[in-house]
Amino acid sequence: MGEVPETHSGWTFLTNHARVLAAIAEDQTTRIRDIAARCRLTERAVQKIISDLEQGGYLTHTRQGRSNEYRIEPGTILRHPADAGLTVSDLLSVLAQHDAQRDATPQWMRTANVQERGSPVDQ
């Protein structure tokens with residue numbers, strides 16, 4: 001079976017729902033096991049999140065043999081009142097842009113930039 005993900009304490013900028021949605025946006029035929037590994041969640045947590053997203057109208061799935069194929073509803077409005085007017089497509093666009101920039105920057109430069117800048121408290 002799958003290994004238990006590394007635990008994380010404290011808060012983060014992205015919710016687990018956003019992480020799962022981004023993983024599905026990258027590969028609509030991805031398995032729950034693979035989403036769980038990528039997002040560092042349990043498979044059960046991913047199943048619950050997918051159910052939440054489907055109930056909220058953000059996601060649908062169809063069965064393709066033994067697999068699922070997911071379809072994101074890009075025009076669905078984000079839930080929080082502070083995000084009024086923003087859609088799932090807007091969110092995924094920002095996340096994809098970030099991933100593209102991160103992937104284009106070599107790891108050694110990312111590490112050097114963080115060390116060079118120091119922590120935000122130091123500035």
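Quick note: residue numbers are just sequence positions, from 1. Both backbone and side-chain heavy atoms feed into the values below; hydrogens, waters and symmetry mates do not.
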Measure the spacing between [atom1] of [X] and [atom2] of [Y] and express it to the nearest 0.5 Å.
X   : Y   : atom1 : atom2 : value
Y70 : Q28 : OH    : CD    : 11.5 Å
I32 : N68 : CD1   : CG    : 6.5 Å
L59 : L21 : CG    : CG    : 6.5 Å

Practice problem: Please list, chain by chain and in numerical order, all residues satisfying salt bridge (Lys or Arg N to Asp or Glu O under 4.0 Å) with E26, sequence neighbours excluded. | Solution: R38
Exercise. Could I get the full list of salt bridge (Lys or Arg N to Asp or Glu O under 4.0 Å) partners for E73, not counting sequence neighbours?
Key: R71
Please output the side-chain donor-acceptor pairs of residues 78-89 that fall under 3.5 Å, not counting sequence neighbours, one pair per line with the distance.
from : atom 1 : to  : atom 2 : distance (Å)
H80  : ND1    : A82 : N      : 3.0
T87  : OG1    : S89 : N      : 3.4
T87  : OG1    : D90 : N      : 3.1
T87  : OG1    : D90 : OD2    : 3.2

Quiz prompt | For T62, all residues meeting side chain to side chain donor-acceptor pair (under 3.5 Å), sequence neighbours excluded | solution = Q64
Quiz prompt | Pairs involving residues 50-70, ordered by first then second residue, that meet salt bridge (Lys or Arg N to Asp or Glu O under 4.0 Å) (sequence neighbours left out) | solution = K48-D52
Quiz prompt | Check: I77 main-chain N/O paired with Y58 side-chain donor or acceptor under 3.5 Å | solution = yes
Exercise. Indicate yes or no for a side-chain donor-acceptor contact from T76 to the backbone of G57 under 3.5 Å, with no hydrogens or angles considered.
Key: yes
Hey, does [Y] have a side-chain heavy atom less than 4.5 Å from the side chain of [X]?
X   : Y   : result
I50 : I35 : yes
Q47 : T42 : no
L41 : I49 : yes

Quiz prompt | Hydrophobic cluster identity match, L53 and L14, side-chain contacts under 4.5 Å | solution = yes
Quiz item: What are the two closest non-hydrogen atoms of A22 and L92, and how far apart are they?
Solution: CA-CD2, 3.8 Å
Exercise. Not counting sequence neighbours, which residues clear side-chain contact (heavy atoms from CB on, under 4.5 Å) with Q97? List them please.
Key: Q101
Self-check item: Evaluation steps, side chain to side chain contact (heavy atoms under 4.5 Å, CB included), between T12 and R19
Solution: CA-CA 11 Å; T12 64; R19 292 177 197 282; 3.8 Å; yes
